[in-house]
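If you're wondering where the values come from, they're calculated on a predicted model, not measured in any experiment. Numbers for residues simply follow the sequence, beginning at 1.
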Amino acid sequence: MTMGELESNSSTMPKMISFLSSLLQRVAESNDIQTLSKPHHQKVSVFHGLTPPTISIQSYLERIFKYANCSPCCFVVAYVYLDRFTQRQPLLLINSFNVHRLLITSVLVAAKFMDDLYYNNAYYAKIGGISTTEMNFLEVDFLFGLGFNLNVTPNTFHTYCSYLQREMMLLQTPLNIVVSDYNSSLIMGKSVNKK
């Protein structure tokens, strides 16, 4: 899937949101279980809430998609950023306490990097249900966590689209088939961003 295909097919985007939310839901649930068994291996960060938000990851992503009006490729790029972030911060696992803040921040950063026109941090804060001050702080922390590595090559974009397409296939797999374990990496432990 190319950026052009993603942007020209309006029915693809809601599916992409579903696939991304399903993937993140499974990663968060897996890491929640891992955190319960090994709490000292989990880093608490500015992205962690005191309690998990009541809104589902799917509904939150749909909300961001509906109100942010960023280009569709921003969601794939946000996925790349989330994976890069977790690779650079191995003790900060995506879980139900931080996934929502990581999502709104990654989409904000992707929109600022990819789009010519984008909303300001105050608007994204309203979409995300957080204060503008918190949004600003999360953005800075996320950028430093990424090492300001924001460029996404077409090859990397294609690779992450392929992982999301694989996610689509997993969602269509009958329930009696066991799917391989996920770890904290968003692309099942394989890094596509080798330096």
Side-chain angles (χ1 to χ4, degrees), residues 1-3 6 12-13 15-35 41-48 57-58 60-61 64-65 68 70-115 128 138-171 179-195:
M1 181 178 302
T2 66
M3 286 187 204
L6 189 60
T12 302
M13 226 17 238
K15 291 177 188 174
M16 186 72 70
I17 296 296
S18 293
F19 306 150
L20 183 56
S21 67
S22 172
L23 176 83
L24 289 169
Q25 183 69 44
R26 282 203 309 276
V27 169
E29 288 172 357
S30 173
N31 288 334
D32 285 346
I33 293 167
Q34 183 178 345
T35 300
H41 290 277
Q42 170 70 23
K43 179 182 174 184
V44 175
S45 73
V46 295
F47 295 97
H48 281 72
I57 295 170
Q58 170 94 25
Y60 197 69
L61 264 175
I64 295 169
F65 174 69
C70 57
S71 61
C73 65
C74 288
F75 290 89
V76 177
V77 171
Y79 171 41
V80 173
Y81 290 168
L82 285 171
D83 194 48
R84 286 179 183 172
F85 187 85
T86 58
Q87 288 177 34
R88 288 181 51 91
Q89 313 291 324
L91 294 179
L92 201 159
L93 304 177
I94 292 178
N95 61 32
S96 59
F97 290 86
N98 64 19
V99 66
H100 294 78
R101 284 180 176 86
L102 285 166
L103 271 172
I104 192 69
T105 308
S106 65
V107 173
L108 166 84
V109 171
K112 285 184 172 185
F113 191 76
M114 298 296 295
D115 291 349
L138 293 175
E139 179 187 22
V140 170
D141 201 70
F142 192 74
L143 288 168
F144 276 98
L146 283 172
F148 293 86
N149 180 14
L150 300 180
N151 190 45
V152 176
T153 65
N155 186 46
T156 300
F157 185 88
H158 264 39
T159 301
Y160 281 81
C161 280
S162 295
Y163 281 111
L164 288 173
Q165 287 173 335
R166 185 182 334 170
E167 180 66 17
M168 175 184 69
M169 300 308 273
L170 289 174
L171 287 176
V179 180
S180 63
D181 291 335
Y182 284 83
N183 66 16
S184 63
S185 175
L186 299 181
I187 54 172
M188 294 149 269
K190 297 178 184 170
S191 176
V192 296
N193 296 320
K194 299 288 184 194
K195 291 185 178 180

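If you take CG on D83 and OG on S106, they are separated by 11.5 Å, rounding to the nearest 0.5 Å. The structure places OG of S22 at 11.0 Å from CG of L61, a figure rounded to the nearest 0.5 Å. N31 contributes atom CG, which lies 9.0 Å from atom OG1 of T86 (distance to the nearest 0.5 angstrom). The distance from atom SG of C70 to atom CG of D115, rounded to the nearest 0.5 Å, is 6.0 Å. The CG atom of N149 sits 7.5 Å away from atom CZ of R88, with the distance rounded to the nearest 0.5 Å. Here CZ of F19 is found 8.5 Å from CD of Q165. Values are rounded to the nearest 0.5 Å.
Residue L102 comes nearest to I94 through the heavy atom pair CD1-CG1, 3.8 Å, listed as atom of the first residue, atom of the second, then distance. Shown here for R84 and L146, the closest heavy-atom pair between the two residues is CB-CD2, 3.6 Å.
Side chains of R26 and S30: a donor-acceptor N/O pair is absent below 3.5 angstrom, by distance only. Looking at T153 and T156, their side chains do bring a donor and an acceptor atom within 3.5 Å of each other.
Every pair passing ring pair (Phe, Tyr, Trp, His ring centres under 6.0 Å) that includes a residue from residues 84-114 is listed here, sequence neighbours excluded: F47-F85, Y60-H100, F85-F142. For residues 89-105, every residue pair satisfying the salt bridge (Lys or Arg N to Asp or Glu O under 4.0 Å) rule, not counting sequence neighbours, is listed here: R101-E134. Judged as a salt bridge (Lys or Arg N to Asp or Glu O under 4.0 Å), not a single pair has a partner in residues 145-162 (not counting sequence neighbours).
Within 6.0 Å of the CZ atom in F148, the count of heavy atoms belonging to other residues, nucleotides or ligands exceeds 12.
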Would you please test C73 and M114 for side-chain contact (heavy atoms from CB on, under 4.5 Å) and show each step? CA-CA 8 Å; C73 65; M114 298 296 295; 3.8 Å; yes
Given the rule in the side-chain contact (heavy atoms from CB on, under 4.5 Å) test, do F75 and V107 qualify, once you have shown the distances and angles that lead to the verdict? CA-CA 6 Å; F75 290 89; V107 173; 4.1 Å; yes
Applying side-chain contact (heavy atoms from CB on, under 4.5 Å), run through L23 and Y163 and close with a yes or a no. CA-CA 10 Å; L23 176 83; Y163 281 111; over 6 Å; no
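Contact check for L150 versus L143: side-chain heavy atoms found under the 4.5 Å cut-off. A 4.5 Å side-chain heavy-atom check between L24 and L82 finds at least one atom pair inside the cut-off.
In this view, A110 and C74, V77, A78, Y81 satisfy the side-chain contact (heavy atoms from CB on, under 4.5 Å) rule, not counting sequence neighbours. Applying the side-chain contact (heavy atoms from CB on, under 4.5 Å) rule to V46 yields the partners F137, L138, D141; only residues at least two apart in sequence or on another chain are considered. Partners of Q58 according to the side-chain hydrogen bond (donor to acceptor under 3.5 Å, both in side chains) rule, which considers only residues two or more places apart in sequence or in another chain, are S18, S21, E62.
Checking side-chain atoms of N95 against main-chain N and O of D32 turns up no donor-acceptor pair under 3.5 Å. Looking at E139, its side chain never comes within 3.5 Å of a backbone N or O of L108 through a donor-acceptor pair.
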